[in-house]
2 protein chains.
Amino acid sequence: MLRISKLSDYAIIILGHMAKAPSQTFAANDLAGSAGIGGPTVSKVLKALVKAHVVRSTRGPKGGYQLAQTPEKTSIASIIAALEGPIALTECSIDLSHCEQASSCNVRGNWSVINRAIHAALEAVTLADMAITPPMGSDGFHIPVKDITFQPRRNPEQ
Amino acid sequence: MLRISKLSDYAIIILGHMAKAPSQTFAANDLAGSAGIGGPTVSKVLKALVKAHVVRSTRGPKGGYQLAQTPEKTSIASIIAALEGPIALTECSIDLSHCEQASSCNVRGNWSVINRAIHAALEAVTLADMAITPPMGSDGFHIPVKDITFQPRRNPEQ
DNA sequence: TTAAAGAGGACTAAAATGGTCCCCAATAAA
DNA sequence: TTTATTGGGGACCATTTTAGTCCTCTTTAA
Ligand code: SF4
Ligand code: SF4
C-alpha cells in the first residue's frame, strides 16, 4: 500500500498541534493528551524528531519541545525522513550493495527519476499546509489549499 | 524508508524483461532465470499481476505470460498497486474507519494533496521508461530520460 | 492420454513495527 | 542543596507484515 509508518503519521499529527503555536514549548505528555496517542509513543516520536533537528528540546521543569523552524519551513519530507530514514523507494537508492539483484538488475538507474519525484512532492508540502483546517467542501471533503502539478518532460537539458 | 515491497520491485524487474518483447509469451520459469529470482516467487508476482490485468496468462503447454498493454501504457503506479493495493500513504486515504485517531486528527484532509501528488508521479513513469537502458553518465550514473517537475500552487480554482 | 504450463491458496520463517518500560541526565524552583 | 519535573537513550517484547515455498487443481497443446 506504500504506506508511511504509524509513527510518521503520529509525528505529523503532533507537529500539527505544535504548529498552532510555533514558538511555544510543549511537554510530551500534554501533546499526548491533545493528540490522543499514548504518552510513551509520543515521547518516542519526539525523540526521533529531535535527532533530526525538526524540533528542539529543553530538559527540566517547564521544559519540553518546540519547533526548530517555522511551520512553513518544515517539510513533510523532513518529518518522514526523521522517523524512517532517507526517502527512497528501493534498496539501491540508499546503498547499492544492499541489493542482491543489483548486478542483474536493468531498471536500477531509472528509479532515481521516481525517487526524486516522490521526494520533491513531499518536500513541496509543509507543516503549515497540513496544520490548517481548510474549508469543508459540499461533499464532506476538505478543499486542498495547495495543488501540485506534474510536467513530465523527456531528455532534460541538464 | 518509505520503501516499496520487494515483490513490487521484482514485478518491475520481471516486466522490464517482458517489455523488451512486448507481444511475446514468457513462461514464469524462463523469467525467473533471466531475472535471477526464485521460481515460486516469480510465479507469485505474476499471479498478482494477472489479477490486476497488468499481464495476461495462457495455460497449458506453450502457455505463459504476456503484457496486457504496451509498455508505454503500463504505469509504475498500476504495477505497484497490483502488488500492494491502492497507493495511499495513510490509513485514512483508503478507509477512514480503519484509523482510531480519525476523530481527533486535524491533518486528515490535507493528506489527499500528497497522495495525489505521489500517485501522479508514479503514474507519469511507465514501464517503457524503466525498461530502457539510458546512456551512462560520466559519474557512473545513468542519465534519466524523463524528468518530472512540480508546480505547487495555492488555491486552485477547481 | 500425457505433459506443460498457470491458479489458488495454505503454510512458515524471518523481519519490521509499534508500543512499553526502565534508568540516567539536566535543570528550575523550593 | 534538595527535590521534582522534564527529556535522552536504549532495551525489550508482542504483534503484524513480508517473503518465500509448496501442494493440489485446472487448462490445454501435442
Ligand atoms: S538494484 Fe534493482 S532489484 Fe535492487 S533495489 Fe535497485 S531496482 Fe530493485
Ligand atoms: S485520519 Fe489522521 S491519524 Fe488517521 S490515518 Fe489519516 S492522517 Fe493518520
Of B/P40 and B/T58, the one whose closest DNA chain D nucleotide lies more 5': B/P40

Yes or no on side-chain contact (heavy atoms from CB on, under 4.5 Å) for A/T70 and A/T126, after CA distance, side-chain angles and deciding distance? CA-CA 10 Å; A/T70 64; A/T126 73; over 6 Å; no

May I have the distance from B/L7 (atom CG) to D/dG20 (atom C1'), rounded to whole angstrom? 9 Å

With distance as the sole criterion, is a donor-acceptor pair present between the side chains of A/S93 and A/N115 under 3.5 Å? yes

Among D/dC22, D/dG8, C/dA4, the nucleotide that comes nearest once only the side chain of B/P61 is considered: C/dA4

Are A/R3 and B/E91 side-chain neighbours, meaning at least one heavy-atom pair lies under 4.5 Å? yes

Could you state the atom-to-atom distance from CD of B/E91 to P of C/dG18 in whole Å? 11 Å

Go through the steps for B/L122 and B/I118 under the test side-chain contact (heavy atoms from CB on, under 4.5 Å), then give the verdict. CA-CA 6 Å; B/L122 294 175; B/I118 302 281; 4.1 Å; yes

Students often get this wrong, so: under 4.0 angstrom with heavy atoms, is A/S43 touching a base, only sugar-phosphate, or nothing? nothing

Out of D/dT21, D/dG7, C/dG6, minimum distance to the side chain of B/Y65 belongs to C/dG6

How many Å lie between NZ on B/K62 and P on D/dA29, as a whole number? 12 Å

Intermediate values then yes/no, side-chain contact (heavy atoms from CB on, under 4.5 Å), B/I4 and A/W111: CA-CA 12 Å; B/I4 59 170; A/W111 269 111; 3.6 Å; yes

Nearest-Å distance, NZ (B/K47) to C1' (D/dT26)? 12 Å

What about B/R59, does its side chain sit under 3.5 Å from the base of D/dT26 through a donor-acceptor pair? yes

Establish, with yes or no, whether the OP1 or OP2 oxygen of D/dG20 is under 4.0 angstrom from a side-chain nitrogen or oxygen of B/Y10. yes

Nearest-Å distance for atom pair CG/P, residues B/N29 and C/dA7: 13 Å

Nearest-angstrom distance from the residue atom NZ of B/K44 to C1' of C/dA10: 11 Å

Integer-rounded Å distance: D/dG8 P and A/R56 CZ: 13 Å

By nearest heavy atom, map B/G63 and A/G38 onto DNA chain C; which one lands nearer the 5' end? B/G63

For D/dT6 and A/S57 - does any side-chain N or O of the residue sit under 4.0 Å from the phosphate oxygens OP1/OP2? no

How long is the line joining CZ of A/R3 and P of D/dT17, in whole Å? 9 Å

Does A/K51 or A/G60 map to a spot on DNA chain D nearer the 5' end, using the closest nucleotide for each? A/G60

